[in-house]
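What follows is a short report on a single structure.
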Amino acid sequence: MPETQHPIFSSYQKDNRFYDEIFDQEGNVKEMYKTLFDLYSGHSVQDFAKLNDKAKASFFNQGITFQVYGEQEIKEKIFPFDLFPRIIAPEEWEHIERGVLQRSKALNLFLWDLYHDKKIIKQGIVPLDLISSSVNFLDQMNGIDPPGGIYNHISGTDLIKHSDGNYYVLEDNIRCPSGVSYVICNRTALKRALFGVFNHYQAHTVTDYGENLLQILESVKPNGVDEPNCVVITPGVYNSAYYEHSYLAKSMGVELVEGRDIFVEHDFVYMKTISGPQKVDVIYRRIDDLFLDPLEFKPDSSLGVPGLFSAYKKGNVCLVNAPGTGVADDKAIYTYMPEIIKYYLDEEPILNNVHTYHCSRPDELKYVLENIDKLVIKPVDEAGGYGISIGNKLTKEEIEKVKVTIQAHPRKYIAQPIMSLSVHATYIEETNSFEPRHVDLRTFTLLGKDKEFVLKGGLTRVALQRGNLIVNSSQGGGSKDTWVLK
Amino acid sequence: MDYTIHYKAQNIYKQPVRSAYWQFLIIPENNDSQTLEKAVFTNSLGVPVQQSVNGYGFETFRVAPKTTFKTINFEAKFRVFKEIFNPFEQLNYRDSSIDRELLRSLQFKVTHERFLKSTPTTELPLVRALPFKFDEESSLFDNLKTLNAWIFNTFKFKSQVTQINTNLSEILEHKHGVCQDFTHLFCAMARKNGIPTRYVSGYLHQGIGYLGDSQMHAWAESFVPGTGWVGFDPTNNLLAAENHIKVAHGKDYADCPPIKGVVYTTGGNTTTYKVLVTSAKDTMSQGQNSDGSMQQQMGTMTQHMEFQDLFPKNGPKDQ
Amino acid sequence: MLARVANNLFWMGRYIERAEHIARYLNVNYFSSLDAPNEQSQSRQLVLRSMLCMADDTVPENVELNEEEVLYDIALNTDKSFSIINCVKIARENANSARDLISTELYESINKFYHYVLNYDVDYFKNKGLYDFTVNVTEFTAILRGKIRGTLLHDKVYAIIMLGINIERSTQIVRIIHAKFLDAKKAKGNGEQFKQSSEWTTLLKCVESYDMNRRHYRQPPTKLTTLEFLILNPFCPRSVMNSINQVANHINTLSTDKYPAKDSAAYLIGKTQAEYKFKSIESIEGEVADFIEEMLDCLWLMAQKIEKEYFNY
């Protein structure tokens, strides 16, 4: 009997247009998933419904929730967690790890160059327009040498597996990439719910992230500081990622501060404690650039700390990630990544880039306008999956609307071929069974002074709606525990 | 020439201020033509003054009172020595086609990227044709001089009709404004023609009746190839020379407002400024006065926030 | 530790404690009034007013109270700042902001508590749920106390939470004494009967001290023994004396001064502790009302001083 006939997999409809992570073309379970598949098939539908409810309750009770914008009331929601883990083979992971590390290093060198000599632009490899028209390029960062020479200490790289079975990078996130706390929570939740399955696989741990992050933070301490005092700064309890901020502070054993807990005096940074001011040396900031310092950036920001930037400029405090990194994770810069990697590292890119059409270039704009139904249109400077149009999902009227928008602001949009994200068996509550759903993978890379680290695992995000290609958590996506095998 | 600059400001708040943090960008810079000999800055609360360099590299004073108050006075005194020089002397006359060639080179554009891009207040309206055209035949410097004169002759100095963030299409339409507006316009037109140009904030010695409004004066500096940065004062149709005492420069006003701050209080406030520039030669001193009603004009960036509202309800979006 | 976070921990402790006292007061008063030995004590209006006064300082006189409304307001009405649900909400919000400092176990329990209260069926509560709800609230707070003691390092974080808990506890005990004192007066006038009133038993039960009291005195509670026990007995874990002893203990974790300054929190706490140690119940008995007012002022001042010295941000 075909393996998809197990009751729990009975509604699993294979679609050969997509790369299936679990089943091969003939519908047989891939070798790597066999043991897992057998273990899961042994459960009844009712067992699974129960396990699923328990996992949900566990997240809720632990307060592992995020808040959703855009509704009248801010709602507390759990990030849906899927009980079927994703497995990545050792050799496949080795490739990913080398690839994301290469990208992070190249981006770091690129940022140093952009804020110093700008050689890559002077040599005409990256157009000047991309930085002079970027809102994320901070003039104030010109000439500043960040401690350790590091800009993007923390990078989140989003990868997908296309129907050709290859990984492609969708985007680099080097401002405040979030999600790492869910990686660890997912592991904990899966262990609680289905501890038995772990005996059959040898997966790398993910709980060492906190200690590695702390080492990275300490490695970029200001000159003359022996034992740096590191803190995490958050916009506050109402921020959608507050859980993650508190998780990171806790796992590193450092203080979680808000802007109002910190002040700057004579270019040194202090936090207000119960026993008076205490100097702060390294700040992992989860506040956007423009909110960091009302004296230097957005003057009406109450999230930041007046005078913080001067303290940074003077080298008395290190900000992680450095201000102004956003210029390099712009989706328009993304399209130059192969050239950027070659220019700074003299290497071929290890991971593929998705081909990109720049609407700012007249001939490419023409192609985009004529082929919208085959393309994904993305704004270059929006985060969180907002503002994306997928060509083959649009009505005729909608296509016309998109065309008008692009033509009005061609610089603001890029287009890419519709990539078919791989699918993975995902537990669907409505049908009480496993169905294929699209997934991507966010990896986390750390760069410090003489230290680098890639978290062995990552956040596999799932688009829970059938056919949906956008897997962002703020758009109703879920996630899976991700095992990197030893 | 020896100048004494006397800067005074008074802030009165309707409700007690629990916490505040100000930055003053009012210290004359040291450069080739001017030397800061003495700087004293005090305040009525006796709060220790911190001196710090801002994000663009300029010296600032900072004051952060730790007690509750309703009124605070600030007072600064500077002594500056300024070289008397003829700005025309430094000019290097040469075939202007070399200069134009240079402006077009990528190297040059990248090096001067910051002062070539437009900002919200130096953005020229797209719809209308440029009201002033550069003459390809004459030198860049001559063109800038003509631009300076054109602005002076076309626009009327009129205070209290524009705001610090008034955009250029409004200025072009109504043909009036103050020094900040004229400087923004000058920057925009020069940049449009590929000449790196920066907004300068400083003091003007009004000894012989020059126009100036608000607490600080504004003019522009353009990068003339072969010569370097040259100051143009479109408000007075002058080249900046010994009467112009520079404090700071930036892309536009927003990069160098004289006072910036965060103030936590619930009510409104009134602010008064007075700047007095005197030279040893002046028989009678003249002041530039302003009062609270002109607060917008003077560009105070002081913010008022409800103390209760410190919890941000909508933080920035996460990636 | 951050001053702001310390402040939040302090208030977290206070609100957890407050929720417990309100819930128990509701429970004991309501159920003991059902079969009270005299008519006055059985009066619905008297009981409802007593409960409302305990939760909220501002209850208008001469207004007919509606039982359902009063119970709902005190327990689950989010529009009433004094309600149990709001106490739990605030406690959880405070815990949220100090999440990195408290244990996962403690946070999880607070969070569970919050979801329990938040999801409690209002209609069920109004008709049948009073006993179930109030008992569960007190059980949850007991769990929280256990988690606080058992899953946190006994360092400054712990000391601050315990300061909040003990200051709130003594405040609530004094308030409960006050409320029941008035009830007993109303019920029995001023004579011998007042001294033997059943309200003293209710009072002891409201603070879970009836059994302890019986064991200590081996006779039915009277006005004198009840007050002595709840105010001055250092071995009764609910007594004012016991709370102040604990406050004094925990302030020493924060303040390292051997000879604290005269205007400091540590000084005031030490002084109050010494005064109570050598007080006799006879000196209080005659002027209970004055004593209560003085005591509340003193506790308020302690909290003020602690906040000013340690939580100023």
Side-chain angles (χ1 to χ4, degrees), chain A residues 56-67 73 75-76 78 181 184-185 188-189 192 210 229-239 241-263 270-278 280 284 286 305, chain C residues 1-10 12 78 89-116 118-119 140 143 152-153 155-161 163 250-251 253-257 265 306-313:
Chain A
K56 269 164 71 178
S58 144
F59 272 86
F60 216 64
N61 285 336
Q62 290 178 70
I64 305 169
T65 50
F66 68 97
Q67 277 145 356
E73 213 180 341
K75 268 201 164 171
E76 208 171 311
I78 61 166
S181 57
I184 295 140
C185 295
T188 312
R192 280 188 190 178
N229 178 24
C230 307
V231 301
V232 177
I233 188 167
T234 170
V237 290
Y238 296 107
N239 186 271
Y242 180 77
Y243 167 71
E244 174 150 312
H245 307 159
S246 67
Y247 175 84
L248 290 169
K250 191 171 188 161
S251 69
M252 290 190 283
V254 306
E255 295 288 351
L256 178 64
V257 306
E258 293 179 16
R260 54 192 168 143
D261 297 321
I262 300 259
F263 66 95
Y270 301 89
M271 60 183 183
K272 303 171 196 170
T273 77
I274 51 170
S275 36
Q278 193 188 338
V280 172
Y284 177 23
R286 295 296 293 259
V305 187
Chain C
M1 190 192 338
L2 293 173
R4 174 182 56 83
V5 174
N7 188 32
N8 290 344
L9 285 172
F10 179 77
M12 179 189 87
T78 47
K89 244 185 181 167
I90 298 171
R92 187 223 188 205
E93 230 165 77
N94 282 320
N96 257 344
S97 74
R99 204 164 166 170
D100 53 316
L101 293 183
I102 59 177
S103 64
T104 314
E105 293 82 2
L106 174 58
Y107 181 78
E108 220 173 305
S109 297
I110 293 178
N111 206 36
K112 264 190 204 163
F113 185 18
Y114 167 72
H115 287 299
Y116 172 79
L118 193 69
N119 296 324
F140 265 117
I143 291 172
L152 294 179
L153 263 182
D155 63 358
K156 287 182 178 174
V157 171
Y158 178 71
I160 286 168
I161 300 175
L163 278 175
H250 293 298
I251 196 77
T253 312
L254 299 187
S255 159
T256 45
D257 296 338
I306 291 173
E307 283 183 43
K308 207 176 144 226
E309 267 169 66
Y310 301 100
F311 310 151
N312 201 359
Y313 60 93

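All chains are named by letter (A, B, ...) in the order of the sequence lines, taking the proteins before the strands, and each is independently numbered beginning at 1.
Atom CE of C/Met1 sits about 12.5 Å away from atom CG of A/Asp261, to the nearest 0.5 Å. In this structure, OG1 on A/Thr273 lies 7.5 Å from NZ on C/Lys156, to the nearest 0.5 angstrom.
Proximity to chain A (any heavy atom under 4.5 Å) is shown, for C/Ser109, by neither the backbone nor the side chain. Looking at C/Ser103, only its backbone comes within 4.5 Å of chain A, counting heavy atoms on both sides. At a 4.5 Å heavy-atom cutoff, the contact between A/Tyr242 and chain C is made by side-chain atoms alone. For C/Ile306, no part lies under 4.5 angstrom from a heavy atom of chain A. With a 4.5 Å cut-off on non-hydrogen atoms, A/Val254 touches chain C through its backbone but not through its side chain. Of the atoms belonging to C/Leu101, it is side-chain heavy atoms, and not backbone ones, that fall under 4.5 Å from chain A.
Contact of the C/Glu309 side chain with the A/Ile274 side chain is not registered, since no non-hydrogen atoms from C-beta on lie closer than 4.5 Å.
Crowding of A/Lys250 atom NZ: a count of heavy atoms from other residues, nucleotides or ligands under 6.0 Å exceeding 12.
With chain C as the partner, the residue from A/Glu255, A/Gln278, A/Met271 showing the most heavy-atom pairs under 4.5 Å is A/Glu255.
Looking only at distances, no side-chain donor or acceptor of C/Asp100 sits under 3.5 Å from a matching main-chain atom of A/Ala249.
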